[in-house]
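For reference, the structure discussed in these notes is given below.
The structure displayed is predicted, hence computed values, not measured ones.
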Amino acid sequence: MNATTLTAAHLVIGGGLAGSMTGLRLAAAGREVTLLERERTAHHKVCGEFLSREAVELLNQAGVNALELGAEEIRFVRLASRRHVVETALPFTALSLSRCVLDEALLVRAAQAGCRVERGAFVESLEQRNGFWQAQLRGGEAWCAPTVFLASGKHDLRGHGRSPGPHGDLVGFKLHWRLTPLQTEELRGCIELYLFTGGYGGLSLVENGVANLCLVVRRQALRKIGGWPELLAAIQNKIPHIAQRLKGATALWERPLAVSSIPYGHLAGLPSGLWCIGDQAAVIPSFTGDGMSIALHSANLAVQMYLACASPDRYHQTLQTHLRRNMWLATALSRTMVTGFGQVLAPAGLSLFPSAMNWIARSTRIPEDRWQAGQSAK
């Protein structure tokens, strides 16, 4: 090891929900842990920003109250496809809060619990040498630890790329808006889902009355359309409902955040010796609204099994058991939704069977007995 190599007993790479929860749980259990976060300050991420009942409960267990942070309640889902609009109640009360606010709150909680947080630590590669993991940072410094939890989210490290997943041809966009007072009130209490040619998206309020618009679109469809301005114009042209929502609205950023090749359906295999959590472990299609609860659940499960002296391989096998059915169903539905057939079938089906959305919401959730098992990892 050279003079720029630092050591840690436990290393967490990534300060998002999964990484922060892992750092918090390990520190609360009396373990020495260092968390490396690439960004220096709180920041936005491409995300639908939907907190299911499971996610809200897991955050509460960690001492983070989303409502106190300004989260909006969501009780209904409204689906729009072409000129059809249908609405039904969710089987639970959900919340919506920006990742900028939420991630920062959980990262601060991890630091308060005793986790050492290193901001601006951009990990470029991770290698195993003589029983230790070495994380090489941009700028020359390195960290070495016998145990590493990989929580780098959508960013893959060199040599640790994820599988493309069975539905990995999508590009994601996210943009915050200030709607007119009337449109803000029309949206309050709902999450709206939009189906359009080659993709789908959602709109909901987050803190301070801001509306979050998040879209995913197939790369082939995006190339045919041209780019973000053309995509947004095409969606509004095909779906009058979203055109009305955005009429008179102001985009709060100059351009949207974007991420390409989202590996929907990805489930980590058995990476020898490495604990993959969050999006590094599993990526469920965004429309389910279960991505954040999976991130938190995977962190709790990993720490719980680590403290019980289980192996990383055993953890990955257990997580796959928890998620395999949900992931298969969600991915199949997502692949259908980006087709013309799905855009016609979905609103017609929900009009005839409003309980279909409730069934989808329940069937793509982590079973309660499994995510509550993480409560013991405090």
Please determine, by modelled atom types, if [X] and [Y] share a side-chain donor-acceptor pair under 3.5 angstrom.
X: His160; Y: Glu127; value: no
X: His167; Y: Thr331; value: no
X: Gln280; Y: Ser152; value: yes
X: His266; Y: Ser163; value: yes

- Item | Any donor-acceptor pair under 3.5 Å from Ser334 side chain to Pro285 backbone | no
- Under 3.5 Å: donor-acceptor pair, side chain of Arg25, backbone of Ala110: no
- Can you run down the side chain to side chain donor-acceptor pair (under 3.5 Å) pairs that involve residues 240-263, sequence neighbours left out, and say none if there aren't any?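 Every side chain to side chain donor-acceptor pair (under 3.5 Å) pair that includes a residue of residues 240-263, provided the two are not neighbours, is Gln183-Arg245, Glu192-His241, Glu192-Arg245, Arg219-Ser261.
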- Task: State whether Arg75 and Glu73 are salt-bridged, where the test is any N-O pair (Lys NZ or Arg NE/NH1/NH2 against Asp/Glu carboxylate O) under 4.0 Å.
- Result: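 Salt bridge: yes.
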- Item | Arg138 charged N/C atom sitting above Phe122 aromatic ring, 6.0 Å / 45° | yes
- Partners meeting side chain to side chain donor-acceptor pair (under 3.5 Å) with Arg40 (sequence neighbours left out):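 So Arg40 forms no side chain to side chain donor-acceptor pair (under 3.5 Å) with any residue.
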- Message: Going by the rule side chain to side chain donor-acceptor pair (under 3.5 Å), which residues pair with Lys238 if we only count those two or more places apart in sequence or in a different chain?
- Response: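 Scan of Lys238 (side chain to side chain donor-acceptor pair (under 3.5 Å), adjacent residues dropped) gives none.
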- Show your reasoning for whether side-chain hydrogen bond (donor to acceptor under 3.5 Å, both in side chains) applies to Ser81 and Tyr200. CA-CA 9 Å; Ser81 178; Tyr200 55 86; over 6 Å; no
